[in-house]
Undergrad: 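Below is the structure I would like to discuss, written out as structure tokens.
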There are 2 protein chains.
Amino acid sequence: MSVTAVSFVFNGNDVGNIAPATKVRILDAAKELGYTPDGVARSLRKQKTHMLGIVTDAIASSPFAGRLLAGAMDAAAGRGYAMLAFDSRDHRDLEQDAVTEFSRRKVQGVVYATMGLREMSTLPETTLPLLLANCTGPDGSHFAVIPDEVNAGRTAARYLLGLGHRRITMLSGPGPGKRIKDGNMAGPLRAKGFRNVLRGAGVPATDSPIVGAGWSIDAGHAAALAVLGDGPDGQGRGRRPVHQRPTAIFAVNDRVATGVLLAAASLGLRVPDDLSVLGLDDQEQLAANVVPSLTTLALPHRQMGSRAVEMLVDAVESGTRPPARVELLPLELIVRDSVGPNPSG
Amino acid sequence: MSVTAVSFVFNGNDVGNIAPATKVRILDAAKELGYTPDGVARSLRKQKTHMLGIVTDAIASSPFAGRLLAGAMDAAAGRGYAMLAFDSRDHRDLEQDAVTEFSRRKVQGVVYATMGLREMSTLPETTLPLLLANCTGPDGSHFAVIPDEVNAGRTAARYLLGLGHRRITMLSGPGPGKRIKDGNMAGPLRAKGFRNVLRGAGVPATDSPIVGAGWSIDAGHAAALAVLGDGPDGQGRGRRPVHQRPTAIFAVNDRVATGVLLAAASLGLRVPDDLSVLGLDDQEQLAANVVPSLTTLALPHRQMGSRAVEMLVDAVESGTRPPARVELLPLELIVRDSVGPNPSG
DNA sequence: TTGTACGCGTTATCAA
DNA sequence: TTGATAACGCGTACAA
């Protein structure tokens, strides 16, 4: 039989072209010989590799990298694409190299994903469709899919308010109002939404302050001690009088919330009876497993990955450029055990 | 100038073949026209894609996936290979599909990595060199690189013994001595090494028991409460008398250790003054950041990734099959703040 | 030192 | 319904 016939059969062009008998004969022979179409040759001929590239900045240290990657790989597989992955460890020229290498290998599009929400001042240069996940470009030049952080702050405030809390301390990453180039800007955004709602509800900023803490467990622990303890900067082992401490703490992420839990336990404060703790992230192996389990706002990492790939594949297959806009994905409130009603009200 | 000349220049065959002047002329022209050799065509011609595939089983939920992947990608990049990644979410037929797809795309080798230490009863079938990271095959049929868990258990016991501890409770994953097909078998292995050393030191098993707990923070919390608390199964808020509780706890991983920290804090026990806690993993964002920071044994995830790729590339480039043996990588003791000397002696 | 021509394994076009 | 043949973009043996 001929090469053409084989090609037709393996591409579904057999109907109306190949006699059923021949088709069977071909399939049999293929099975017997272990024949499989060569993807490389196919790519060369069709000028389509059905490969996408993804470059990440900190896959090794981020608890979320996996979720984002999994979302991206799932979506890609679902659309018949394979993913070429590269991690830059935050090294800019490596990112450019990776993208250049991707081009050489003729991937059909690339997604650039950061592990913390960032506003990138510079991006790898390429003529390939480039799509951003969890970060935005220097101007609105690329399609970017990021979490709706501001709204998450609002949701947090409304939820806590609805449970009767009035003295709520937010433990933010850096302080509010700062705009950080190339740094994680999620903290200020969350703080902004949070403060807006509280202001709207007439809660004075002195009652519900926003305190700059870091992003880690120990930072959350130290900040909580300062807010809840009676010593200078919380150095003491005792706790402040009830009406001088918050009834709820909104932590910028689940790790900070875990630090708060640790501090509360050492202070003899029961969560949520004496203090409510609201996290953010829904971090794998952490949020659902600390004691008590964290009520938290889930960051849509998986969705960012899949959404980015979906948009990319759409653009690639339609031959258009992805629209240059920012798409906001909502955070979902996950109710667990660390938040309760205001005990004194 | 000729195609040959260009080809020679781009493949380093220019010395002795191409006049330096011509070479410069070619390079200039290439820059001006933005010419880059087509990787697909090159792959087809040389029958080498310089691509490796990696299939993982649970990238989204594992805190270690990133480390392993980063190690693999680094090593691959260093050797001039790109990585095609696929995550199966533990779905076996998807793994087979992925490997089949990899073959079609002519990757030159594949590494199969699991996120928990496993003994796989079945592996994807392929004629490609297949290499295992963090798991072993059904028989010793593949090259596998895994952590030396047994020795880690020994190290833990020796370290704690050296600090004067005699009553040490190990919080293991499942109970000791079980052999689990396709499940995480790290716990029993760690317990084995741990028990061996204690037995050798003449410490009775009643003094240093191995308690089956799970792998999570809440499991560690519950187990710690049972071991340290005075109520039935630790339900009470009080703690056992000093001589009836361990002076040190060896947790099967850092999450369990974190649960212990939480429980200790709520019981008013100071770490490491009243109780030492030894973890294992050196989990990112956790071990170094809980309070107090965890003394722990670091799992060599990055090294497993890089070692696997190194072996794979060696095999690929020498045209040999990777040797069918298991390679053990050591865990490193990371001393931080959660372990101290035995307070009572 | 340079140019010509062939083949890598496909798919697409066209003729039989 | 089938089969021959020309690209796809490159590497290389060989002739010039």
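So you know, we letter chains A, B, ... as the sequences are listed, proteins then strands, and number each from 1. Being a predicted model, the structure only gives us computed values, none of them experimental.
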Undergrad: Without decimals, in angstroms, what is the distance between A/Phe10 CZ and C/dG9 C1'?
TA: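 After rounding, the gap between these two atoms is 13 Å.
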Undergrad: Considering only C/dT10, D/dC10, D/dT5, which nucleotide approaches the side chain of A/Thr4 most closely?
TA: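 For the A/Thr4 side chain, the nearest candidate turns out to be D/dT5.
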Undergrad: Under a 4.0 Å N-O cut-off, is there an ion pair linking B/Arg302 with A/Asp87?
TA: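 Salt bridge: no.
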Undergrad: Think B/Asn17 has a side-chain N or O under 4.0 angstrom from the OP1 or OP2 of C/dT1?
TA: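 For C/dT1, OP1/OP2 do not have a side-chain N/O of B/Asn17 under 4.0 Å.
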Undergrad: Using 0.5 Å steps for rounding, measure from the OH atom of B/Tyr112 to the NE2 atom of B/His142.
TA: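 One gets 11.0 Å once the value is rounded to the nearest 0.5 Å.
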Undergrad: Quick one: B/Asp38 CG to D/dA7 P, roughly how many Å, whole number?
TA: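 After rounding, the reported distance stands at 18 Å.
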Undergrad: Given 3.5 Å as the limit, does a donor-acceptor pair link the side chain of B/Gln96 with the main chain of B/Glu125, or not?
TA: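 Side chain of B/Gln96 to backbone of B/Glu125: a pair is present.
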Undergrad: Can you tell me if the side-chain N/O atoms of B/Ser7 get under 4.0 Å from OP1 or OP2 in D/dC10?
TA: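 It does not, given that no N or O in the side chain of B/Ser7 lies less than 4.0 Å from OP1 or OP2 of D/dC10.
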Undergrad: Give one of base, sugar-phosphate or nothing for B/Ala5, where a contact means two heavy atoms less than 4.0 Å apart.
TA: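 If one applies the 4.0 Å heavy-atom cut-off, B/Ala5 turns out to touch nothing in the nucleic acid.
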Undergrad: How do B/Pro20 and B/Lys46 order along DNA chain C: which one's closest nucleotide is nearer the 5' end?
TA: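 Upstream on the strand: B/Pro20.
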Undergrad: Could you state the interatomic distance from CG (B/Leu312) to CG (B/Leu132), rounded to the nearest 0.5 Å?
TA: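 Result: 11.0 Å between the selected atoms.
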Undergrad: Spell out yes or no: do the side chain of A/Arg45 and the base of C/dA12 have one donor N/O and one acceptor N/O closer than 3.5 Å?
TA: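 Between C/dA12 and A/Arg45, which were checked side chain against base, a qualifying N/O pair under 3.5 Å is absent.
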Undergrad: Check whether any side-chain N or O of B/Thr22 sits under 4.0 Å from OP1 or OP2 of C/dT2, and answer yes or no.
TA: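 Yes, within the criterion.
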Undergrad: Specify the separation, in whole Å, of atom CZ of B/Arg25 and atom P of C/dT2.
TA: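 So the two atoms are 7 Å apart, to the nearest Å.
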Undergrad: B/Tyr35 near the nucleic acid: base, sugar-phosphate alone, or nothing, with a heavy-atom cut-off under 4.0 Å?
TA: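 Result for B/Tyr35 = sugar-phosphate.
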Undergrad: Measure CD1/A/Ile18 against P/D/dG3 and give the value in whole Å, please.
TA: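 So the CD1-P distance, A/Ile18 to D/dG3, works out to 8 Å.
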Undergrad: Measure from NZ on B/Lys48 to C1' on C/dG9 and round the result to the nearest Å.
TA: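 Interatomic distance, NZ of B/Lys48 to C1' of C/dG9: 18 Å.
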Undergrad: Quick check on C/dT10: is either OP1 or OP2 less than 4.0 Å from any side-chain nitrogen or oxygen of A/Gln47?
TA: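 Checking A/Gln47 against C/dT10: no side-chain N or O falls below 4.0 Å of OP1 or OP2.
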Undergrad: CZ of A/Phe8 versus C1' of D/dG3: gap in Å, rounded?
TA: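 Going from CZ in A/Phe8 over to C1' in D/dG3 covers 11 Å.
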Undergrad: Look at A/Arg42 and C/dT11 and indicate whether a side-chain polar atom (N or O) is within less than 4.0 Å of OP1 or OP2.
TA: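 For C/dT11, OP1/OP2 do have a side-chain N/O of A/Arg42 under 4.0 Å.
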Undergrad: Between C/dT11, D/dG9, D/dT12, which nucleotide has the shortest distance from any of its atoms to the side chain of A/Asn11?
TA: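 The listed nucleotide nearest to A/Asn11's side chain is C/dT11.
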Undergrad: What's the closest nucleotide to the A/Leu44 side chain, out of D/dG9, D/dA6, D/dA13?
TA: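 In terms of side-chain proximity for A/Leu44, the closest of D/dG9, D/dA6, D/dA13 is D/dG9.
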Undergrad: On DNA chain C, compare the nucleotides closest to A/Val6 and B/Ala41; which residue's is nearer the 5' end?
TA: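 On the 5' side of the pair lies B/Ala41.
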Undergrad: Round to a whole Å and report the spacing from CZ of B/Arg105 to P of C/dC8.
TA: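 That distance rounds to 23 Å.
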Undergrad: Could you tell me which non-hydrogen atom of A/Ile18 sits nearest to which non-hydrogen atom of A/Lys23, and how far apart they are?
TA: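 Here A/Ile18 and A/Lys23 meet closest at CG2-N, 3.9 Å.
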